Amino acid sequence: MKLAYLQHEHHEFRDAAADAMADAQLQGVLGRLADTLGVRNREAWEDFADSAATRERARRIKDATLADLDKHLETLERSVTRLGGRVHWCDDGAAAREAILGILRQCGAKKIVKSKSMTTEEIHLNPALVEAGIETVETDFGEYIIQVAGHRPSHIVGPALHLNAKQVAEVLSPVAGETLSSDREELTRFARRALRSKFAEADAGITGVNFAVAETGTIVLVSNEGNARFTTALPRVHIAIMGMEKVIPRLADLPVFLKVLARGATGQKLSVYTSLITGPRRMGELDGPEEFHLVILDNGRSRILGGPLRESLFCIRCGACLNACPIYRNVGGHAYGGTYSGPIGAVLTPLYDGLSQNHHLPHASSLCGACQAACPVKIQIPEMLIRLREQLHHEPRALGRVERWAYGIWARAMRSPRLYRAGTWLATRTLGRLKRSTRWLTKLPGGLGGWTRTRDFPAPAERRFRDWWSAGAGDWGLGAGEGASPASKEPFDHA
Amino acid sequence: MSREAYLARVRDATQAGRAYRIEPRGEVTPTTGYVGGGDDLCARFAAEANAVGGTAVVVRSFDEARAELAKVLRARRAESAFVWRHDVLDRLGLAGLLAELSVAALDPGALAKMPRDTRRATILTADIGITSADYGIAETGTLAMFARPEQPRLASLAPPCHVAILERRQILPDLFDLFAALDEAGTTAGAPHKVPSNLTFITGPSKTGDIELQLTTGVHGPGDWRVIVVDG
Ligand code: SF4
């Protein structure tokens, strides 16, 4: 795939998707997704007797929390502060970057370690840290690989999914100062060694937040590798950053989410490590940070909270919808061009970064519903995509001229029986007549050609339904007006 | 933007958003999602811990547990052990066993006396971590570890091998039971300082699937994860 797509955001979805589909190596990796993570996720729901109700329970907790979000956030702040932590309210990415740089400057941090956080991707934190002269090391193995390679993450839980072992070896060998083989164990051993020294030297650790418990000020971090634990055990300062929708009211709500998150992400009953961090280390403890900061980010969330796509804030970033999606499994994460990819990315990127710049994304879906079926909080992604498609028509810049013109005519025709009749008459006598030999048109003319570039267009019938109907309902002997006799219904009765 | 302006905006959005609340579907109760651990919690715990790539054994006595641990220490040729102070480990006679096998014991007391940098280096090079846990969870084969001065977080993380010794009475059926226990201990509403500074659930050896979705263990934490359950 073109380097520009791997490195930068916001490109033309169709071009990037075509590029991804022509990349044999990438197609090989994506082809395995359904049989691995996809199957494990499905089996996890099947094996969990209470799965449907538990997911509904998680969903309701999210809904109820958002219905009182301001109160829960204030409770969270109180709890964190009581423990000696500090809360930073940040309106947007720039404010969050500024707050984090401020904390680092104040504690004189020169080197930091990070554990995987999509929120820091969202606010483009790493370039800002590097620019400020702070050595920044990603410690999740996948994140580490793509940081060295200079790529953006291609999957919410598997950021380096687009690279195979050979490519990983090529990426890491210059850092190792020797030629690494493409043996997975060897590559993993190298990362363990290289990152150990980074943990030991770091002045501060930066993490995301999976859940934040308001009543206790507890930050929950889930990982399988253990890097989040190191990041919060060794450095003197811990900075956690969360989108404000990550708060949950009570500690008692947590087991519900932990059970569905692990099943959605990797099909595990529980992830390997779940850490509940409640403030800085206490008196006499040997490890853990001495200082704790919590950055609470809005960055467009309050705008979405008050509107019809509020449900997108239920997302717990597990990645299940990506693995389930036939589009994602063909084009991969980079084609989407935003921080988040896959079905949920197709909702979030237009919402956060602008609909007209990302007008292809709501259409990057067959609306098959596999995403919603896989989702641990059953987010109605297809419905949200339809809503976004509808909104596109109110954004004049978002549609091509031909498209706008075509939809305009369609809308007029649907409102007027006379126009509609004329239109169908015309269609059967032009396209229908021309292509009598085939049921599918493989190439439409002019500006309509975009449709047939990747799929065929069904040819109109030679005869309109309306004509067939008024001519006495064809060969089945159905009466046009009065009810038909029971016997004549036969062809429709498949029972 | 000030804190007040930020929160005012959230308040407005929260209110506006109530018009878009979801429609509840189906029954949900406070026990929805509870799975439990079956009749034999020790056996279930061990089966689950083995299923996630760990090595769990159930033994009848502390003598057997000691023999089991000695086997591991010998097989790994351990020279130093990063250990917790914990009454289960006292009853096991851990200090005696380590002395007998000439394994250097790095306990919290000894570590606390070291300068910060020496301590870090020592912790990061220990051959094995030996701990108990606050609870085991049978449903998932999970250890629940509360951080305290005598029970540092890194003992279960830094060494390449972690062994936990667990007694039957510590094992709860389900994750929900643990949160209920926390609640009973008064650790929730309005008392954040009663929750430990760090409570970590461990379910299996350290894992990654970051290369080609294939499982590799031991990337950051222990690749060799063992639990000895004393059922006696
Ligand atoms: S939308 Fe659902 S399935 Fe997709 S990442 Fe979010 S929580 Fe997971």
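Chain identifiers are assigned alphabetically (A, B, ...) following the order of the sequence lines, protein sequences preceding nucleic acid strands; residue numbering begins at 1 within each chain. In this text the structure is predicted, and so the values were computed from the model without any measurement.
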Requested in this report: Could you have a look at A/Arg281, A/Arg196, A/Glu185 and say which one has the most heavy-atom pairs with chain B under 4.5 angstrom?
Outcome: A/Arg196
Report task. Enter the distance from A/Ile277:CD1 to B/Thr200:OG1 here, rounded to the nearest 0.5 Å. Result -> 7.0 Å
Query raised in the report: Less than 4.5 Å apart, any side-chain heavy atom of B/Leu124 and any of A/Phe230?
Result: yes
Query raised in the report: If every non-hydrogen atom of A/Pro280 is compared with every non-hydrogen atom of B/Ser197, which pair is closest and at what distance?
Result: O-CB, 3.8 Å
Report summary line: Value for CG (B/Asp210) from CD1 (A/Ile145), rounded to nearest 0.5 Å, stands at 6.0 Å
Report summary line: To the nearest 0.5 Å, atom CZ of A/Arg192 lies from atom OG of B/Ser206 at 7.0 Å
Query - Salt-bridge present (A/Lys259, B/Asp174; N to O < 4.0 Å) - result: yes
Query raised in the report: Taking every heavy-atom pair that is under 4.5 Å apart, which of B/Phe201, B/Tyr34, B/Tyr6, B/Trp225 has the most such pairs with chain A?
Result: B/Tyr6
Query raised in the report: Picking from B/Gly223, B/Gly218, B/Gly53, which has the most non-hydrogen pairs under 4.5 angstrom with chain A?
Result: B/Gly218
Query raised in the report: Are a donor atom and an acceptor atom from the side chains of A/Gln268 and B/Thr203 found within less than 3.5 Å of each other?
Result: no
Query raised in the report: Do B/Arg9 and A/Ser302 have a side chain donor and acceptor closer than 3.5 Å?
Result: yes
Query raised in the report: After noting the C-alpha distance and the side-chain angles of A/Asp68 and B/Arg18, does the key distance pass the salt bridge (Lys or Arg N to Asp or Glu O under 4.0 Å) rule?
Result: CA-CA 9 Å; A/Asp68 279 306; B/Arg18 289 198 191 130; 3.3 Å; yes
Query raised in the report: Taking the side chain as C-beta and beyond, is there a heavy-atom pair between B/Tyr20 and A/Leu305 under 4.5 Å?
Result: no
Query raised in the report: Does the A/Arg60 side chain pair with the main chain of B/Arg25, one donor and one acceptor, at a distance under 3.5 Å?
Result: yes
Query - Among B/Leu154, B/Thr29, B/Leu178, B/Thr140, residue most engaged with chain A (heavy-atom pairs, under 4.5 Å) - result: B/Leu154
Report summary line: The reported gap from CG in B/Leu175 to CG in A/Leu254 (rounded to nearest 0.5 angstrom) is 7.5 Å
**Report entry** A/Thr54-B/Thr32 side chain donor-acceptor pair, cut-off 3.5 Å
**Finding:** no
Query raised in the report: Among B/Ala147, B/Pro108, B/Ala158, which residue forms the greatest number of heavy-atom pairs with chain A at distances under 4.5 Å?
Result: B/Ala158
Query - Ion pair A/Glu285/B/Arg153, N-O distance below 4.0 Å - result: yes
**Report entry** Which atom of B/Pro222 lies closest to which atom of A/Tyr273, heavy atoms considered
**Finding:** CD-OH, 3.5 Å
Report summary line: Exactly one candidate in B/Thr216, B/Thr217, B/Thr208 meets side chain to side chain donor-acceptor pair (under 3.5 Å) with A/Glu225; the answer is B/Thr208
Query - Closest-packed option against chain A by number of heavy-atom pairs under 4.5 Å, given B/Gln151, B/Glu139, B/Arg120 - result: B/Arg120
Query raised in the report: Does some side-chain heavy atom of B/Val35 sit less than 4.5 Å from a side-chain heavy atom of A/Asp50?
Result: no
Requested in this report: Name the orientation class of the two ring planes belonging to B/His220 and A/Phe199 (parallel below 30°, tilted from 30 to 60°, perpendicular beyond 60°).
Outcome: perpendicular
**Report entry** Least distance between heavy atoms, A/Asp287 atom then B/Pro152 atom
**Finding:** OD2-CB, 3.5 Å
Query raised in the report: Of all of B/Asp12, B/Val10, B/Thr14, which one pairs up most often with chain A through heavy atoms under 4.5 Å apart?
Result: B/Thr14
Report summary line: The reported gap from CG in A/Asp91 to CZ in B/Arg3 (rounded to nearest 0.5 angstrom) is 15.0 Å
Report task. Supply the atom-to-atom distance A/Arg32 CZ to B/Leu213 CG, rounded to the nearest 0.5 angstrom. Result -> 7.0 Å
